[in-house]
2 protein chains.
Amino acid sequence: MTGKIFIIEDEPSIIQLVQHNLEKEGFVVSSSLNGNEGLKELKKFQPNLLLLDWMLPDLSGIDVCKNIRRDNIFRNLPIIMLTAKGEEEDKIKGLDSGVDDYITKPFSFNELLSRIKAVLRRSDPKIVSDLLEFEDLKLDRVEKRVFRDKQELKLGPTEFRLLEFFLLNPKRVFSRDQILESVWPNNINVEGRTIDVHIRRLRQSINTKDKKELIRTVRSSGYSLI
Amino acid sequence: MTGKIFIIEDEPSIIQLVQHNLEKEGFVVSSSLNGNEGLKELKKFQPNLLLLDWMLPDLSGIDVCKNIRRDNIFRNLPIIMLTAKGEEEDKIKGLDSGVDDYITKPFSFNELLSRIKAVLRRSDPKIVSDLLEFEDLKLDRVEKRVFRDKQELKLGPTEFRLLEFFLLNPKRVFSRDQILESVWPNNINVEGRTIDVHIRRLRQSINTKDKKELIRTVRSSGYSLI
DNA sequence: TTATTATGTTACAAAATTGTTACAAACTAA
DNA sequence: TTAGTTTGTAACAATTTTGTAACATAATAA
């Protein structure tokens with residue numbers, strides 16, 4: 001999961017929720033609170049998919065949509081429309097607005113995620129791959145398996161989640177706090193050197209002999225894949 | 001059941017329901033919300049069967065159907081039309097539109113499934129095979145019999161459904177919740193270690209001596225066939 | 001250099017997860 | 001009905017995983 005998703009939605013709480021969860025899934029996410037600004041940002045951001053609210057303070061979602069469909073570059077940008085329940089569902093359907101899917105609020109994040117995956121699978125199957133790769137490392141999120149150069153590695157649950165986390169943003173340095181928040185279950189608090197020890201365990205698991213170190217320590221900052 | 005099914009239908013809730021259940025049955029599924037886009041996607045997706053809504057925002061189902069029947073490659077694509085109740089039933093029947101079957105909304109999923117199977121059985125009998133296989137394991141869904149390498153195994157009802165479930169998605173890791181939802185009858189709630197015990201029973205039944213273990217335990221995640 | 005701080009490494013007990021067995025209740029077939 | 005299956009759950013055993021402390025080593029600053 002490595003695509004870019006743009007959100008145009010005027011409710012900050014929804015953006016907050018969706019953005020945070022999508023980033024956890026490995027997407028790069030950006031957003032705007034209104035239509036006009038959104039259209040501008042869109043071109044800079046070059047997303048693989050757009051989440052578009054139906055009711056916006058300035059333009060309507062439909063206007064934005066039409067605008068995009070006229071554009072040469074973004075004509076084929078997949079769009080998922082967010083609508084409040086009962087909110088002119090008929091209009092959305094009736095109008096040939098070129099929306100790829102729509103979902104009515106309130107929705108669960110998992111429901112949204114599965115639709116995003118479905119739409120992306122149609123437009124660009126590479127993006128929704130459940131296989132994370134980095135150098136000679138492969139992690140299969142469906143089968144829960146990890147390979148280094150053909151050879152399967154045996155990781156514990158936390159080691160697996162930790163590696164999965166790093167693979168979603170290779171090369172990027174994460175602080176211990178960031179790692180904690182993303183890898184450990186919510187409202188669990190571990191303290192002290194716990195993460196260091198888990199890093200050590202992960203290192204031991206993936207560093208088969210005569211293979212180069214893949215986890216870099218950035219002193220006083222954190223760790224990263226390299 | 002290994003075929004590909006494409007859906008053209010403008011109500012996401014119906015797509016959601018049908019897609020989810022068809023995938024449970026082992027089909028690969030993709031969809032579009034309108035006729036024009038659907039026709040394009042169709043060619044990329046190369047389905048074995050098409051579920052086509054009668055009322056679409058742009059083209060009518062009939063238009064789509066005619067369009068397909070003119071196509072050289074998809075001339076013989078089996079099509080099942082979905083219609084709202086009383087919605088011009090006569091026309092559909094009367095019209096020689098080249099539809100293979102139709103079903104009126106609302107319909108039960110099982111009703112749809114049996115029609116799909118019937119149509120597929122005519123067009124491509126291999127696809128509706130009721131034989132699930134994995135390595136040296138064979139499960140016959142019609143005769144309700146299981147073989148491991150020629151030798152018949154005797155499974156209890158729950159063991160059978162459990163194995164059937166795993167065979168529909170071999171290698172994939174399922175959580176206990178997912179297993180519960182798919183294998184146990186709806187709104188039944190079992191709790192605690194029930195699933196683990198059933199897994200143990202299934203293991204005992206299929207692990208004839210000197211055969212390798214086929215069910216993998218993924219700690220903190222669930223189980224999978226392997 | 002030395003002092004200080006951050007990270008690596010090891011060990012271990014507690015906690016969590018899974019395997020296994022047994023058994024009573026529910027269900028089936030005859 | 002009765003005899004035989006099947007099912008859910010509890011109880012206990014075996015195993016793995018986890019967090020933390022303690023000590024070693026490396027990096028940095030003074």
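Below, chain A is the first sequence line, B the second, and so on; all start at residue 1. Side-chain atoms are counted along with the backbone in the values below, which use heavy atoms only and exclude waters and symmetry mates.
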Chemist: I want to check one thing: is the phosphate of dG19(C), taken as OP1 and OP2, less than 4.0 Å away from some side-chain N or O of T217(B)?
Modeler: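 For T217(B), the contact criterion (side-chain N or O under 4.0 Å from OP1 or OP2 of dG19(C)) is met.
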Chemist: Relative to the 5' end of DNA chain D, which residue comes earlier, G156(B) or H198(A), by the nucleotide with the nearest heavy atom?
Modeler: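 Upstream on the strand: G156(B).
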Chemist: Tell me whether the OP1 or OP2 atom of dT7(D) has a side-chain N or O from W184(B) closer than 4.0 Å.
Modeler: no
Chemist: Report the distance from atom CD1 of I188(A) to atom P of dA16(C), rounded to the nearest whole Å.
Modeler: 8 Å
Chemist: For dT7(D) and T158(B) - does any side-chain N or O of the residue sit under 4.0 Å from the phosphate oxygens OP1/OP2?
Modeler: yes
Chemist: Evaluate side-chain hydrogen bond (donor to acceptor under 3.5 Å, both in side chains) for R203(B) paired with T217(B), printing each intermediate quantity in order.
Modeler: CA-CA 11 Å; R203(B) 273 178 169 147; T217(B) 305; 2.6 Å; yes
Chemist: Nearest whole Å is fine: how far is dT17(D) P from Q204(A) CD?
Modeler: 13 Å
Chemist: Grab the CD-P distance between E159(A) and dT16(D) for me, whole Å please.
Modeler: 13 Å
Chemist: Check whether any side-chain N or O of R193(B) sits under 4.0 Å from OP1 or OP2 of dT18(C), and answer yes or no.
Modeler: no
Chemist: Over how many whole Å does the gap from L202(B) atom CG to dG19(C) atom C1' extend?
Modeler: 15 Å
Chemist: dT16(D) C1' sits how many Å from K154(A) NZ, rounded?
Modeler: 8 Å
Chemist: Let me know, please, whether V190(B) or L155(B) comes out on the 5' side of the other along DNA chain D by nearest nucleotide.
Modeler: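 The residue mapped nearer the 5' terminus is L155(B).
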Chemist: Between R200(B) (CZ) and dG8(D) (C1'), how many Å, whole number?
Modeler: 16 Å
Chemist: Could you tell me how far apart F160(B) (CZ) and dT5(D) (P) are, to the nearest whole angstrom?
Modeler: 19 Å
Chemist: Before we go on, tell me: are the rings of F134(B) and F166(B) under 6.0 Å apart, centre to centre?
Modeler: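 Not close enough - the centres of the two rings lie 6.0 Å or further apart.
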Chemist: So what does R176(A) touch, heavy atoms closer than 4.0 Å: a base, only the sugar-phosphate, or nothing?
Modeler: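 The answer is sugar-phosphate, as R176(A) gets under 4.0 Å only of primed atoms, P, OP1 or OP2.
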Chemist: So if I take every side-chain heavy atom of P157(A) and compare against dT21(C), dT20(D), dT18(D), which nucleotide ends up nearest?
Modeler: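 Taking heavy atoms from C-beta onward, the closest nucleotide is dT18(D).
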Chemist: For E41(A) and S32(A), does a side-chain donor sit closer than 3.5 Å to a side-chain acceptor?
Modeler: no
Chemist: Would you indicate what T194(B) reaches in the nucleic acid, counting non-hydrogen atoms under 4.0 angstrom: base, sugar-phosphate, or nothing?
Modeler: base
Chemist: Quiz question: going by heavy-atom distance under 3.5 Å, is there a donor-acceptor pair between the base of dT5(C) and the side chain of R219(A)?
Modeler: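 A donor-acceptor contact between them is present.
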Chemist: Can you list the steps and then say if E143(A) with R172(B) is a salt bridge (charged side-chain N to carboxylate O under 4.0 Å, His left out)?
Modeler: CA-CA 5 Å; E143(A) 297 182 17; R172(B) 175 165 188 156; over 6 Å; no
Chemist: Does R201(A) get its side chain close enough to the base of dG19(D), under 3.5 Å, for a donor-acceptor pair?
Modeler: yes
Chemist: Does dG8(C) have OP1 or OP2 sitting under 4.0 Å from an N or O in the side chain of Y223(A)?
Modeler: yes
Chemist: Would you mind reading off the distance between I195(A) atom CD1 and dT20(D) atom P, rounded to a whole angstrom?
Modeler: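 Checked: the CD1 to P distance equals 11 Å.
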Chemist: Heavy-atom count check: over 12 atoms from other residues, nucleotides or ligands less than 6.0 Å from E181(B) CD?
Modeler: no
